[in-house]
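Taking it in order: structure first as structure tokens, then the write-up.
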Number of protein chains: 2
Amino acid sequence: MTTPGFHDPVHDHERCLAEALQEAEQLCRDRGAQLTPVRRRVLELVWSEHRPQGAYELLEQLQAERGRVAPPTVYRALDFLLAQGLIHRIESLNAFVGCPRPSHVHNGQFFICEACGATAELSDPGLAERIDRSAAALGFAVNQRIVEVRGHCPDCSIQGSPNP
Amino acid sequence: MTTPGFHDPVHDHERCLAEALQEAEQLCRDRGAQLTPVRRRVLELVWSEHRPQGAYELLEQLQAERGRVAPPTVYRALDFLLAQGLIHRIESLNAFVGCPRPSHVHNGQFFICEACGATAELSDPGLAERIDRSAAALGFAVNQRIVEVRGHCPDCSIQGSPNP
DNA sequence: TTTGATACGTTATAGTATAACAATCAATCG
DNA sequence: CGATTGATTGTTATACTATAACGTATCAAA
Ligand SMILES: [Zn+2]
Ligand SMILES: [Zn+2]
Ligand SMILES: [Zn+2]
Ligand SMILES: [Zn+2]
């Protein structure tokens, strides 16, 4: 399993990727969901960085290796991966990032570095509870909690400039 | 001041709007910021509903009353209103909603009805603290906290269908 | 009067996402 | 076997969201 938090810039990312792919395959087998070549490849591309990537960014990479690929192809693959919980959509970036814990249904919290793009996902149940309590006070029925925290990761935080 | 939470569908909305506009004028006077006719009108349009509205939705209304208006006009007005804290951007909708407490700098939490669009803004300092604690544990420096809760408002919640 | 700052107008274009319909393929059934 | 069905992908066109770049108008300070 991928460790939570930000990764060392020089970590063994081959392993991140391999583990994510292996877990995705297992999970799809168990569910009878079809992780087709296109979907699998898009997942690999999403996982190629610890940074949310836009649909058209992924599209370009697909086109580089397969010739003509149209937007619906990548959007469909992304829809599938979202439905399976294998990736998350980062609303404030219109971009997508791999989920390190896809077998567990959750709404994570995303910490997004505005300098390097690196994004860490946490899942703090207490935070979800707190949101749900506010919702209950409003008589609001929660479907989804979107929490995206913008700022600077440890590598990009500079002493003396708290919010550059 | 606008009361927190969801509004009764038949509340006195003229008053919501009038109060928001008056507070905006006061606040801009105090800051030496120019609430020009275009900006003021866009703010009125945003406040015409307790539901986030898209830039092009606002643009259409401007065009209906002023003839040719181009997208930059409305985006510039929105940028100004955002900078002054008079409106908030809802990332998951690409839309904008009036802030009921513009004189107080904050990152609110938005509860968004997926049925009728109605959106309530809360500002729970404890929630922000909790996010900041997670951030601190990651060594992450927070600039902005985006919290958008999707679900159903009291008027649209139906007994027996928790997450329709 | 010149200058600089601010806001707004105008045109074009970039970036994100989906609708609609055709083609393919594998599994199933009469 | 041939037909039917459902899931996936291909293809084309279009809708929706946002900004770049440059020109104009206004006003106040120098
Ligand atoms: Zn990694
Ligand atoms: Zn109202
Ligand atoms: Zn607010
Ligand atoms: Zn509702």
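So you know, we letter chains A, B, ... as the sequences are listed, proteins then strands, and number each from 1. Quick note: numbers below take in every heavy atom, side chains included, and nothing from hydrogens, waters or symmetry partners. Being a predicted model, the structure only gives us computed values, none of them experimental.
Atoms CG (B/L93) and P (D/dT17) sit 10 Å apart, rounded to a whole Å. Distance, A/L59 CG to D/dG10 P: 12 Å, rounded to whole Å. Taking atom CG on B/L82 and atom P on D/dT19, their separation rounds to 10 Å, with Å as the unit. Between B/L78 atom CG and D/dA18 atom C1' there is a gap of 11 Å when expressed in whole angstrom units. Atom C1' of nucleotide D/dA18 and atom CG of B/D79 are separated by 10 Å, given to the nearest angstrom. C/dG15 atom C1' lies 11 Å from atom CD of A/E60, rounded to whole Å. Here D/dT9 presents its C1' atom at 15 Å from CD of A/Q63, a figure rounded to the nearest Å. The CD-C1' distance, from B/Q53 to D/dA18, rounds to 18 Å in whole Å.
Note on B/R76: a base of the nucleic acid sits closer than 4.0 angstrom, heavy atoms only. Counting any heavy atom pair closer than 4.0 Å across all strands shown, B/R66 reaches no nucleic acid atom.
Centroid-to-centroid, the aromatic rings of A/H13 and A/H7 stay 6.0 Å apart or farther. Taking the six-membered ring for Trp, A/F6 and B/F140 have ring centres closer than 6.0 Å.
Between B/R89 and the phosphate of D/dA18, there is a side-chain N or O to OP1/OP2 separation shorter than 4.0 Å. Side-chain N/O atoms of B/Y75 include none lying less than 4.0 angstrom from OP1 or OP2 on D/dT19. Contact annotation: A/Q34 side-chain N/O to D/dT8 OP1/OP2 distance is under 4.0 Å. Not one side-chain nitrogen or oxygen of A/R68 sits closer than 4.0 Å to the OP1 or OP2 atom of D/dT12. Look at A/N94 and you won't find any side-chain N or O under 4.0 angstrom from OP1 or OP2 of D/dT17. Between A/T73 and D/dG10 there is a side-chain N or O to OP1 or OP2 distance below 4.0 Å.
In this structure, A/Q63 contributes its side chain and A/V69 its backbone to a donor-acceptor pair below 3.5 Å.
If B/R39 and B/A70 are placed on DNA chain C by their nearest nucleotide, the residue sitting closer to the 5' end is B/R39.
A salt bridge links A/E57 with A/R51; the closest basic N to acidic carboxylate O contact falls under 4.0 Å. In summary, A/E91 and A/R89 engage in a salt bridge, as defined by a charged side-chain N under 4.0 Å from a carboxylate O.
By the 5.5 angstrom centroid cut-off and the 30-degree plane limit, B/Y56 is classified as not stacked against the base of D/dC16.
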